[in-house]
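Okay, structure first, notes after.
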2 protein chains.
Amino acid sequence: MSPAGGSSTRARLIAESMRLFGRQGYAGTTVSEIEAAAGLSGGSGSLYRHFPSKEALLSAGIREQITQGTELLNRIEAAGAAADAPLRASLTAIAVAGLRRLEQEQDFNRILVKDLSLFPELLDIARTEEIARIHAAIAGWLRAHAASGSESKDWAAIATVIIGSISHFWLLRDIFGTHPADVDEERYITALVDMVVAGLAGNEGETDVSPPEPEPNNIARTKE
Amino acid sequence: MSPAGGSSTRARLIAESMRLFGRQGYAGTTVSEIEAAAGLSGGSGSLYRHFPSKEALLSAGIREQITQGTELLNRIEAAGAAADAPLRASLTAIAVAGLRRLEQEQDFNRILVKDLSLFPELLDIARTEEIARIHAAIAGWLRAHAASGSESKDWAAIATVIIGSISHFWLLRDIFGTHPADVDEERYITALVDMVVAGLAGNEGETDVSPPEPEPNNIARTKE
DNA sequence: ACTCCTTGCAAGTAACTACTTACTTGTAGC
DNA sequence: GCTACAAGTAAGTAGTTACTTGCAAGGAGT
């Protein structure tokens, strides 16, 4: 049986399992539920015609999501490198784009946070293929676009602060429905961008930045 | 039998269940495991002498952790209000204290992120008793200690950025073991504090960028 | 027709799930 | 010793879990 709605059964199983894993967690989602959500008869082992195990289904979904994510990341990198807008507007656009991306990939992010600790090889893929690349892209963007005459800074650390801040705003909103401190997206991004702009302009000689490692070796590190 | 090692069975059940829930998730932890971890005979229903259900055990653990957390919060508030150190040192101390607190309550935070979405009444307690209070405390501290002559700002939003940034740094380190971007705690806190200090001092970093730029349509912040 | 292969379902499997019941134990007060 | 009671255990309960097996329906190619 092939002409079922236009999407293959395998693709439907992956998509629905990611949705259910994201909502209920891996352990809290049964194979029967996944089958039923994908249009199969729940309780029959039809899932095992397409995947050898529940874990293999999770693995396939994670890997597929990551390959899609890197394609999206490549496009973002290209767009960011070509951007010529003023700093504040560019940072705001990046922050908004990051939030939209977090929302778009909410199931993947939920699974990453909730359950991926139990699957170390998937964790490793997510780290090297997705998260580390995003950090490197933002850090590189900062170095290229914000170093107008000022001294060099710890771009990787600044990128980590920015990404972490936006990611946690999404996470709290995802968990609680609304942000527990009742700060909406507009105020949040404005406050973040204000701080980043001020920090990048920063030639305030008030107290010197502690330089433990001026330019650590986390960009362009060796791959195995 | 009461004097068993110094801790009551009920307390041991709560502590071990929080540890296991944090590591494996609520659905991924069995009553049998909890009993065995608490020194009881796993598989016997001994847990039900102390709690009517697995969910009641989770609820008791969450509530107990929150009451302990608020006591700790009160002490932090008092210490912060009395502090008279320079801004940068105070902010650094707050950031470090926040990270230590996140690590100390790692099981609670893991459960909050992983499983509490399925228990809305516990989510609500955590939001109002813990998270909202922390945000209010930091926002109040900023308003009191950082408004030296400068104009008023959106303190709640700035506090949210700071807290979210630190929380996400802890979360990523907790999930991956080490931070996926290889930024250590020292560099991270330095970068964050630099940005906050510059943003708070910012009667220059903000005003010289905002007026002429064609900003996107998301700049209209409200202050509370 | 034939074989080969895929995809589905019904009906299982053994193991595990949260939870219960009946009973034993240790300890305390009188 | 006797009672009272909290706390532990063994051995269940009925239901659920991931996963398997037998079989049928349908193509595709020959």
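The chains referred to below are lettered A, B, ... by the order of the sequence lines, with proteins before strands, and numbering in each begins at 1. Small disclaimer: the values here were computed from a predicted structure and weren't measured.
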Look at the side chain of [X] and decide which nucleotide, out of [options], has an atom nearest to it.
{"X": "B:Ser46", "options": "C:dA10, C:dG8, D:dG8", "value": "D:dG8"}
{"X": "B:Lys54", "options": "D:dG8, C:dC19, D:dC19", "value": "C:dC19"}
{"X": "A:Arg49", "options": "D:dA18, C:dT7, D:dA10", "value": "C:dT7"}
{"X": "B:His50", "options": "D:dA7, D:dT20, C:dC19", "value": "D:dA7"}
{"X": "A:Ser44", "options": "C:dC9, C:dC19, D:dG8", "value": "C:dC9"}

Inset, instruction - Tell me what B:Ser41 touches on the nucleic acid: a base, only sugar-phosphate, or nothing, going by heavy atoms under 4.0 Å. - result: sugar-phosphate
Inset, instruction - Could you check whether A:Leu47 gets within reach of a base, just the sugar-phosphate, or nothing at all, counting any heavy atom under 4.0 Å? - result: nothing
Can you measure [X] atom [atom1] to [N] atom [atom2] for me and round it to whole angstrom units?
{"X": "B:Arg10", "N": "D:dA6", "atom1": "CZ", "atom2": "C1'", "result": "14 Å"}
{"X": "A:Leu20", "N": "D:dT17", "atom1": "CG", "atom2": "P", "result": "13 Å"}
{"X": "A:Glu55", "N": "D:dT17", "atom1": "CD", "atom2": "P", "result": "18 Å"}
{"X": "B:Tyr48", "N": "C:dA22", "atom1": "OH", "atom2": "C1'", "result": "18 Å"}
{"X": "A:Arg12", "N": "C:dT7", "atom1": "CZ", "atom2": "P", "result": "12 Å"}
{"X": "B:Phe51", "N": "D:dA6", "atom1": "CZ", "atom2": "P", "result": "16 Å"}

Legend entry - Side chains of A:Thr9 and A:Arg12, donor plus acceptor under 3.5 Å: yes
Inset, instruction - Verify the distance criterion only: is there a donor paired with an acceptor across the side chains of A:Ser46 and A:Ser44 at less than 3.5 Å? - result: yes
Legend entry - Charged N-O contact under 4.0 Å between A:Asp124 and A:Arg127: yes
Legend entry - Ionic contact status for A:Arg63 with A:Glu129, cut-off 4.0 Å: no
Inset, instruction - Look at the side chain of A:Asn109 and the backbone N and O of A:Glu105, then say whether any donor-acceptor pair between them is shorter than 3.5 Å. - result: yes
Legend entry - Non-neighbouring partners of B:Glu64 that pass salt bridge (Lys or Arg N to Asp or Glu O under 4.0 Å), sequence neighbours left out: none
Legend entry - Contact list for DNA chain D against residues 30-38 of chain A - heavy-atom distance below 4.0 Å: A:Thr30, A:Val31
Inset, instruction - Write out all pairs satisfying ring-ring contact (aromatic ring centres under 6.0 Å, His included) with one or both partners inside residues 25-46 of chain A, taking only residues at least two apart or from two chains. - result: A:Phe21-A:Tyr26, A:Tyr26-A:Phe119
